[in-house]
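The structure under discussion appears below in the form of structure tokens.
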Amino acid sequence: MKKKSTYISDTYRFTISKQFDCFLNENKVLKYKIKKLESKISTLETKPASIIESTPENIFSELLDRQARSRNLIFFNVPELPSDSSSNDMQTILEVFRHIDTDVIPLNLLRLGKVSTQCQPIRITLPNQHDVFNLLKNKSKLRKSDNFKHVSFSTDRTLLQRKHLKSILDELNFRKSIDEIDIFIKYVNNVPIVSKNGVT
């Protein structure tokens, strides 16, 4: 009789334990879904108003701004020579170009921001958009350079584009913080989105 009672007790404990594990797993799944919903809500709330409520005037202004910047690149961490001048910066940029196998000559060049102890970005304008694409395609070659491996550059984004990119980076970091894996920033028609491996 005792053995039967012990068997029933063990079976009962096993059943309760199994149900408890199921509840725990369901709870984890629900928490994950809630965090994903919170992430999507947060992303929508942080998107610039102009992305959600665009007027024809705003769209036209944005298109003009993007067109004006389409032949520009912004360079970061380009060393400033002691006797700082645009001609010295031009020589440095041309040296950077040589490291990525291009002989294009910028139409103009400008250090951005106020003079400070920090290395200010440089905005350059190239003859055409093809030169921009070509430089972006070969930018990884700078990593092999001892002198310019810390130099980086990107397209000249509008304020709206910078805000959108920041919201995408925030979404990416948040989703990683809740243990979502295999996600990365993907550019579709030059627009950044958070994508997931295996999802088309």
Side-chain angles (χ1 to χ4, degrees), residues 43 46-51 54 58-176 183-195:
T43 301
T46 57
K47 280 185 184 296
S50 52
I51 290 178
S54 296
N58 287 339
I59 293 172
F60 185 65
S61 177
E62 176 68 16
L63 288 173
L64 287 178
D65 196 7
R66 292 189 186 191
Q67 183 62 31
R69 297 167 184 260
S70 63
R71 293 183 294 130
N72 295 347
L73 284 173
I74 308 296
F75 280 72
F76 304 93
N77 302 319
V78 176
E80 295 188 52
L81 299 177
S83 55
D84 187 24
S85 68
S86 59
S87 61
N88 287 334
D89 282 338
M90 179 65 79
Q91 292 303 315
T92 305
I93 287 294
L94 291 176
E95 184 65 24
V96 170
F97 282 4
R98 279 192 285 273
H99 278 78
I100 48 181
D101 301 325
T102 182
D103 55 2
V104 64
I105 299 176
L107 297 180
N108 59 55
L109 171 153
L110 178 69
R111 284 271 179 187
L112 302 176
K114 297 178 181 179
V115 177
S116 71
T117 55
Q118 295 182 337
C119 189
Q120 300 299 321
I122 296 177
R123 183 181 65 209
I124 68 167
T125 302
L126 299 170
N128 54 66
Q129 290 186 41
H130 175 74
D131 294 322
V132 172
F133 296 139
N134 187 49
L135 284 165
L136 289 169
K137 185 175 68 174
N138 294 292
K139 65 187 295 186
S140 60
K141 293 180 180 179
L142 282 177
R143 297 173 192 164
K144 301 174 184 177
S145 167
D146 291 333
N147 294 331
F148 302 119
K149 61 185 176 183
H150 299 299
V151 172
S152 63
F153 57 92
S154 68
T155 53
D156 186 9
R157 299 182 179 94
T158 65
L159 178 61
L160 185 62
Q161 287 175 308
R162 294 196 297 271
K163 285 182 176 180
H164 179 65
L165 179 60
K166 183 181 183 304
S167 72
I168 292 299
L169 287 169
D170 289 343
E171 179 186 351
L172 179 73
N173 291 330
F174 183 86
R175 289 170 64 174
K176 283 185 175 181
I183 55 175
F184 58 97
I185 291 180
K186 177 182 179 181
Y187 283 81
V188 178
N189 296 326
N190 207 29
V191 178
I193 60 170
V194 176
S195 185

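Owing to the predicted nature of the structure, the values given are computational and were not obtained by experimental measurement.
The shortest distance between side-chain heavy atoms of D131 and R71 does not fall below 4.5 Å. T155 places none of its side-chain heavy atoms less than 4.5 Å from the side chain of N72. With contacts defined as side-chain heavy-atom distances shorter than 4.5 Å, the pair R157/L165 qualifies. Between L109 and I122 the shortest side-chain heavy-atom distance falls below 4.5 Å. In this structure the side chain of C119 reaches within 4.5 angstrom of the side chain of R111, judged on heavy atoms. Looking at heavy atoms from C-beta onward, S195 lies out of side-chain contact with I183 at the 4.5 angstrom threshold.
Judged purely by atom type and a 3.5 angstrom limit, Q91 has no side-chain atom pairing as donor or acceptor with the backbone of N88. Judged purely by atom type and a 3.5 angstrom limit, K186 has no side-chain atom pairing as donor or acceptor with the backbone of P192.
Distance check, rounded to the nearest 0.5 Å: CD of E171 to CG of L169 gives 10.0 Å. To the nearest 0.5 Å, atom CD of residue E62 and atom CD1 of residue I59 are 9.5 Å apart. One finds the CG atom of L126 at 4.0 Å from the CD1 atom of I124 (value rounded to the nearest 0.5 Å). To the nearest 0.5 Å, atom OG of residue S152 and atom CG of residue L142 are 9.0 Å apart. With values rounded to the nearest 0.5 angstrom, M90 atom CE is found 8.0 Å from I105 atom CD1.
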Verdict with reasoning, D103 to F97, per side chain to side chain contact (heavy atoms under 4.5 Å, CB included): CA-CA 7 Å; D103 55 2; F97 282 4; over 6 Å; no
Stepwise side chain to side chain donor-acceptor pair (under 3.5 Å) test for D65 and T158: CA-CA 7 Å; D65 196 7; T158 65; 4.9 Å; no
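Under the rule for a salt bridge (charged side-chain N to carboxylate O under 4.0 Å, His left out), the partners of D101 that lie at least two apart in sequence or sit in another chain are K141. R123 is linked by a salt bridge (charged side-chain N to carboxylate O under 4.0 Å, His left out) to nothing, counting only residues two or more places apart in sequence or in another chain.
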